[in-house]
Amino acid sequence: MVLLRGFLVLVVFFLLGEALRVLVGLPISGGVLGMVMVTATLMLRGRVSDQLAEASRGLISVLVLLISPGVVGVFFIADRFAGHWFSVAVALVAGTLLSSVTTLWLMKKTAGDRTRGHSHD
Amino acid sequence: MTEFNGRMQELLLVWTAGPMLSIALTLAAFMAANWLFAKVGRPLWMPPVLMAAVILAAAVAASGIGYETYQQGARWLTVLLGPATVALGVPLYQQMHHIRALWRPILCTLPLAASLAAVYAVGIAWLMDAPLSILASLAPKSVTAPIAMGIAEQLGGSVALTLGGLLITGVLASVFVDWGAKWMKISDDRMVGFALGLNGHAIGTARAFEISPTAGAFASLGMGLTGVFTALFLPFVFPF
């Protein structure tokens, strides 16, 4: 019952997110809107119930399980992208290398400014 | 013998009429991947999601039920990605004190780094003449899967290609962030963790938890913030 109550909260927030997406016409998925609404609600309440924490931990721990049927698709529709595999591979390898190094550099620079006392807070 | 073959055909039809065969295959592949991952010493370049996908693809091909039939049954599991995305809001709330404590460097790094994670890959693919549907599939490559699938659908990309790119990006980011941190002499777990989560989503976050709990917490933060930022802004700026 404990898990089910938390799961019900998550499903209701997902439905609310879908409602917001359709009624306001936002180009963002209902799940993301539900996530933002959950975070905002928890911040307003100032605490998270055990049931909700337990249900969310459970779902997050099986994320790999929920993702894997989608990943399998890449092996079966590979032929649709046959002509573009090389550009996709280069974009992924070079793009990820560049963005990883850029993030580290930005973090080092902004955090370094803090320790040198340039920040105003 | 022919009667036996007929019975087997009938059994396959009965089994694939409902989703249970797909669910059993997916669960079994997930558990086998977790077992194998621990058995071979948790290698960085072969995360459980990649193992699970390879095992599952082999099982689907060998069982002869066909990819379309498998996918129909697996929908009973993948619909849970909706509430799973909502569930990410809970750790995001639990990490809120970290955001408050380090809001300046996080706020300075996040928009630029999260945008560049998409721009680098889309730019390179565009320079190499990849079509629009591929650019749309690559754009959310650094975003955690349930959010990325939603973004790819909104932009008109292929969910399967997005997930493939996502998987490769997560593995590469785990390796590249480690190299980059060594090369730039960064030993602060908070920075390394944030970079892992921002670029490598859930796979990078799993790697960060192996470094230290602090790195793991900052990776979750980087993953969550990148997901929200990209989901909120990419559909508005994607130029087509």
So which residue, [options], ends up with the most heavy-atom pairs under 4.5 Å with chain B?
options                             : result
A/Leu106, A/Thr96, A/Leu59, A/Val38 : A/Thr96
A/Ile60, A/Val11, A/Val9            : A/Ile60
A/Val101, A/Val48, A/Leu15          : A/Val48

Contact part of [X] toward chain A, heavy-atom cut-off under 4.5 Å: side chain, backbone, both or neither?
X        : value
B/Val54  : both
B/Asp129 : backbone
B/Leu198 : side chain
B/Val90  : both
B/Trp183 : side chain
B/Ile168 : side chain
B/Met96  : side chain
B/Leu81  : both
B/Leu196 : neither

Might you point out which heavy atoms bring [X] and [Y] nearest each other, and give the distance in Å?
X        : Y        : value
B/Ala52  : B/Ala29  : O-CB, 3.9 Å
A/Leu33  : A/Gly17  : CD1-O, 3.5 Å
B/Pro140 : B/Leu234 : N-CD2, 4.2 Å

[X] versus chain B, the contacting section by heavy-atom distance below 4.5 Å:
X       : result
A/Ser68 : both
A/Val36 : side chain
A/Val12 : neither
A/Leu98 : both

For the backbone of [Y] and the side chain of [X], can you confirm whether one donor and one acceptor N or O come within less than 3.5 Å of each other?
X        : Y        : answer
B/Lys141 : A/Gly95  : no
B/His201 : B/Leu166 : yes
B/Ser137 : B/Ser158 : yes

For chain A, the option from [options] that forms the most heavy-atom pairs under 4.5 Å:
options                                : value
B/Thr169, B/Val228, B/Leu167           : B/Thr169
B/Ala74, B/Gly82, B/Gly164             : B/Gly82
B/Met128, B/Met31, B/Gln94             : B/Met128
B/Leu116, B/Val122, B/Leu155, B/Ile147 : B/Ile147
B/Ala202, B/Ala113, B/Ser142           : B/Ala113
B/Ala84, B/Gly227, B/Gly180            : B/Ala84

So [Y] and [X], do their side chains get closer than 4.5 Å, heavy atoms only?
X        : Y        : answer
A/Met37  : A/Leu20  : yes
B/Phe176 : A/Val93  : yes
B/Leu112 : B/Ser115 : no
A/Val62  : B/Leu80  : no
A/Leu52  : A/Leu42  : yes

Polar side chain donor-acceptor pair, B/Tyr120 to A/Thr102, under 3.5 angstrom: yes
Between B/Tyr93 and A/Thr41, a side-chain donor and acceptor under 3.5 Å: no
